[in-house]
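Each chain gets a letter, A, B and so on, in the order its sequence line appears, and its residues count up from 1.
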There are 2 protein chains.
Amino acid sequence: MNKRVTIMDVAKLAGVNYSTVSLALRGDERIRKSTRDRVAEAASELDYTPNRLARSLSGGSSKVIGVMFTEMSHFFAKPLEALQSTFEKEGYTLSVHFSSWNRQRERNELIHFCENRVDGLIWAPTEWNGEAFIETNELLQRYKTPYVLLGLVEDDCPVVCNQVGGLIEEPIRLAVSYLKSLGHQHIGVATATRLPGHVGGMHRLRLQVIRKVFADYNLTLKESDILETSDHDHGGLEIALRIRENRGSRPTAILAAHDTLARGVAKSLLALGVKIPEDICLIGLDVVQRELDNGTTLASVSLEGEEATRRAARILMNIIGKPAGKSQAQKVIVAPQLILGTSCVPCS
Amino acid sequence: MNKRVTIMDVAKLAGVNYSTVSLALRGDERIRKSTRDRVAEAASELDYTPNRLARSLSGGSSKVIGVMFTEMSHFFAKPLEALQSTFEKEGYTLSVHFSSWNRQRERNELIHFCENRVDGLIWAPTEWNGEAFIETNELLQRYKTPYVLLGLVEDDCPVVCNQVGGLIEEPIRLAVSYLKSLGHQHIGVATATRLPGHVGGMHRLRLQVIRKVFADYNLTLKESDILETSDHDHGGLEIALRIRENRGSRPTAILAAHDTLARGVAKSLLALGVKIPEDICLIGLDVVQRELDNGTTLASVSLEGEEATRRAARILMNIIGKPAGKSQAQKVIVAPQLILGTSCVPCS
DNA sequence: CTGAAAGCGCTAACAT
DNA sequence: ATGTTAGCGCTTTCAG
């Protein structure tokens, strides 16, 4: 590397002291306009490029926010946008890392963030109560980097820190109570619990919660009304065919464990001539895209991920630079939203 | 902030000079084992955490690789893993940024990377030949940060730099020539060009290339054999129904512009009783997941994104630290792979 | 084997 | 309005 250009060189060329360059380059009003221009000119002539490492080291702040997500999935796309737009206008840049569901990696990269002196951290953990989770939190608090957890919020979270997210049961409770309020008593469930990996895990967790919520609402869930598929993306048709077959004793409404599946079921039903909501009602979870064919829109429950992310960003902004974390740890619960559509009507 | 712990403090506690701490902490053999242990103990007692900013500034290398992707989508998941595994074992950390298809942002964050002195850059550009693209490249070269472009490789790319990727026409040529070699003359296309945004753009581009390739291969593509849907994820059924209807004069094979769509079509056809490959053959593009029902596997063309990424990583590793970019700019073209399946057979 | 000292490039309080 | 000077926390020769 042929020696990098520094403010010294610029100072020499512009014929001023190097601290003047520092100020001038950042447009400090104390420096005369003409001088600033001269400095800027010299800088561009030399292809000067500021060294943020030095700036951060000296200034005490890197103006970078670390973001720790579990995986590179579409799911985080909008939350990321929310973070981006919040922090961008405050002069912060985001650096995103992915744990890939590997706790070891998660821990290391989190530490890495801290050692690189990010000004704050948004963290969507892979788990919320394991030993590793607790330990990593302690580590983080030792580093004193402000951070906020994003995702679920459990009542009995073993760690005291800022966290923003939704409760697990709420969205399902919302969907079920909505169906029940419409008079539905015979409700089926569409799900894909046999899937491997994270998606399957989500389905299994949700089905489990659905069972619990059904019980809470005094609804019986017959095993034969649990419509399983082994394809999250394209299993809708399989389920729709079973529903069509089962003319006589089918449920009056279906709750799908995820909107992607719900959409597949819905589009397939419509294509097969089973009318929604006339023949059967349908509601999903996690808003993906609402419009179906025939002008029907899918009812669903939004988990408000973007809103949660925005809240998390705001909290982080607030605690950054505050007197040494002497702000109370906040626990913000974002309520899910019932998104009405034309796919559900009162049970006839 | 109550003063951060530094090597000075550790040195004091351990009763050695602070440069000794620096060496000891990095396990330098020149320091006696017993001293190293004492230092380590003192460090952990004080909750000492090294400051990488200072280390990078002083050491001249940040051990960070900047990664610039267009959007947070599933598409980049495996490439990211490939990068991660390559660089992790060399002691580098990845910092991922997303342009969100915004050239302005893309430029800024790229600069940001450089000013933060990342050791190298992997960049999947939003466009490959606009004015902004050229200008950003010039900028990057001025910063002298080694970088390699990842994605498409066009023959007439206006910029000379390291780049790795595939050609646009090749995968389609591969699919079409395969079908033709099986004797298919009447080939239909499944696509979703009316979609908004990036996905729609991809479909439009591909259809255009498909038209060209058909012409090159002396195949006629009737407008009525272009099977359009307006749903990338769940449009398969719609298309499958049209295929089933059209018993008499339907194509003997279908080329789907993307595997997600191909899978939807395939699963729907099977469910509707149209046999693959007996009644109709099917091939996709971009391997998503190959298994269908009935033990059928989908034929497709892999774009070898992971392989390309791995190559890009290797190139970057090689030029990092090399004599001031005095290595020739490489242009690596990764060939697509025809992935055979049971969904295509010779035309009867 | 360990200590002293000179930077890395920049910021910021204090002088002039 | 500009220049002086002392760090920021660490690496890295070079002496001892």
Side-chain angles (χ1 to χ4, degrees), chain A residues 1-40 42-43 46-64 91 112 114-119 143-144, chain B residues 1-39 42-43 46-64 91 114-119 143-144:
Chain A
M1 301 265 180
N2 34 9
K3 256 186 132 351
R4 281 238 144 88
V5 182
T6 77
I7 32 173
M8 310 284 267
D9 304 307
V10 178
K12 227 169 284 165
L13 213 185
V16 295
N17 185 281
Y18 76 114
S19 68
T20 307
V21 175
S22 172
L23 293 174
L25 250 27
R26 282 173 298 154
D28 195 301
E29 292 290 336
R30 286 173 299 180
I31 308 297
R32 204 191 304 139
K33 180 88 171 62
S34 64
T35 318
R36 269 184 286 162
D37 290 347
R38 197 147 39 84
V39 171
L46 294 172
D47 276 348
Y48 166 73
T49 63
N51 183 330
R52 277 180 204 266
L53 290 180
R55 178 175 292 182
S56 303
L57 178 58
S58 179
S61 151
S62 63
K63 284 299 194 178
V64 172
H112 207 272
C114 293
E115 297 188 342
N116 274 303
R117 296 297 185 269
V118 295
D119 290 341
Y143 274 87
K144 304 207 202 94
Chain B
M1 301 264 180
N2 35 7
K3 256 184 132 351
R4 283 236 143 89
V5 181
T6 76
I7 32 174
M8 309 285 267
D9 304 308
V10 179
K12 228 168 285 165
L13 212 184
V16 296
N17 184 283
Y18 74 116
S19 65
T20 307
V21 175
S22 173
L23 293 175
L25 250 26
R26 280 172 300 152
D28 194 301
E29 293 289 336
R30 286 173 297 181
I31 307 297
R32 201 193 304 141
K33 179 88 172 66
S34 65
T35 318
R36 268 185 286 161
D37 290 347
R38 197 148 38 85
V39 170
L46 293 173
D47 278 349
Y48 166 73
T49 62
N51 183 330
R52 277 181 202 267
L53 290 179
R55 178 175 291 181
S56 304
L57 178 59
S58 178
S61 151
S62 62
K63 285 299 196 178
V64 172
C114 294
E115 298 189 343
N116 274 302
R117 297 297 183 266
V118 294
D119 290 340
Y143 274 87
K144 303 206 203 93

> Leu53(A) and Ser56(B): which non-hydrogen atoms are nearest, and at how many Å?
Replying inline: CD1-CB, 3.5 Å
>> Rounding to an integer number of Å, can you tell me how far Leu53(B) CG sits from dG9(C) P?
In response: 15 Å
> In whole Å, what is the span from the CG atom of Asn51(A) to the P atom of dC8(C)?
Replying inline: 12 Å
>> Quick check for you: to the nearest 0.5 Å, what is the distance between Ile7(A) atom CD1 and Leu46(A) atom CG?
In response: 12.5 Å
> Between Gly59(B) and Val16(B), who's closer to the 5' end of DNA chain C by nearest nucleotide?
Replying inline: Val16(B)
> Rounding to a whole Å, what distance do you find between Arg117(A):CZ and dC10(D):C1'?
Replying inline: 11 Å
>> Considering every strand and a 4.0 Å limit on heavy-atom distances, what is the contact class for Arg26(A): base, sugar-phosphate, or nothing?
In response: sugar-phosphate
> For the residue pair Arg55(B) and Pro50(B), what are the closest heavy atoms and their distance?
Replying inline: NH2-CB, 3.8 Å
> Would you say Ser22(A) reaches dT11(C)'s phosphate, i.e. side-chain N/O to OP1/OP2 under 4.0 Å?
Replying inline: yes
>> Tell me the interatomic distance from Glu115(B), atom CD, to dT11(C), atom P, rounded to whole angstroms.
In response: 11 Å
>> Could you report the tightest heavy-atom contact between Ala43(A) and Leu25(A), atom names first, then the distance?
In response: CB-CD1, 4.4 Å
>> Rounded to the nearest 0.5 Å, what separates atom NZ in Lys33(A) from atom OG1 in Thr35(A)?
In response: 10.5 Å
> Hey, what bend do you get for the helix from dC1(C)-dG16(D) to dT16(C)-dA1(D) if you fit axes on five pairs at each end, rounded to 10°?
Replying inline: 40°
>> What's the closest nucleotide to the side chain of Tyr18(B) if the choices are dT11(C), dA5(C), dG3(C)?
In response: dA5(C)
> What integer distance in Å separates Leu23(A):CG from dA13(C):C1'?
Replying inline: 11 Å
> In whole angstroms, how far is the P atom of dT11(C) from the CZ atom of Arg52(A)?
Replying inline: 10 Å
> Heavy atoms under 4.0 Å, any strand shown: does Thr6(A) hit a base, just sugar-phosphate, or nothing?
Replying inline: sugar-phosphate
> Rounding to a whole Å, what distance do you find between Asp37(A):CG and dT2(D):P?
Replying inline: 12 Å
>> Can you measure Met8(A) atom CE to dC8(C) atom C1' for me and round it to whole angstrom units?
In response: 11 Å
> Asp119(B) and Ser62(B): which non-hydrogen atoms are nearest, and at how many Å?
Replying inline: OD1-N, 3.3 Å
>> Using the side-chain heavy atoms of Asn17(A), tell me which of these nucleotides is nearest: dG9(D), dT4(D), dC10(C).
In response: dT4(D)
>> Counting only side-chain heavy atoms from C-beta out, which of dC10(D), dG9(D), dC1(C) sits nearest to Arg32(B)?
In response: dC1(C)
>> Tell me if a side-chain donor or acceptor on Asp9(A) pairs with a main-chain N or O of Thr6(A) at a distance below 3.5 Å.
In response: yes
>> If you only use heavy atoms from C-beta on, which nucleotide in dT11(D), dG3(C), dA12(C) is closest to the side chain of Thr20(B)?
In response: dG3(C)
> In terms of side-chain heavy atoms, does Arg26(B) have a donor or acceptor partner in Ser22(B) at a distance below 3.5 Å?
Replying inline: yes
>> By the 4.0 Å heavy-atom rule, please label Thr35(B) as base, sugar-phosphate, or nothing.
In response: sugar-phosphate
>> What's the closest nucleotide to the side chain of Leu57(A) if the choices are dG9(C), dA5(C), dC10(C)?
In response: dG9(C)
> From the list dG9(D), dT2(C), dC10(C), which nucleotide is the closest neighbour of the side chain of Ser58(B)?
Replying inline: dG9(D)
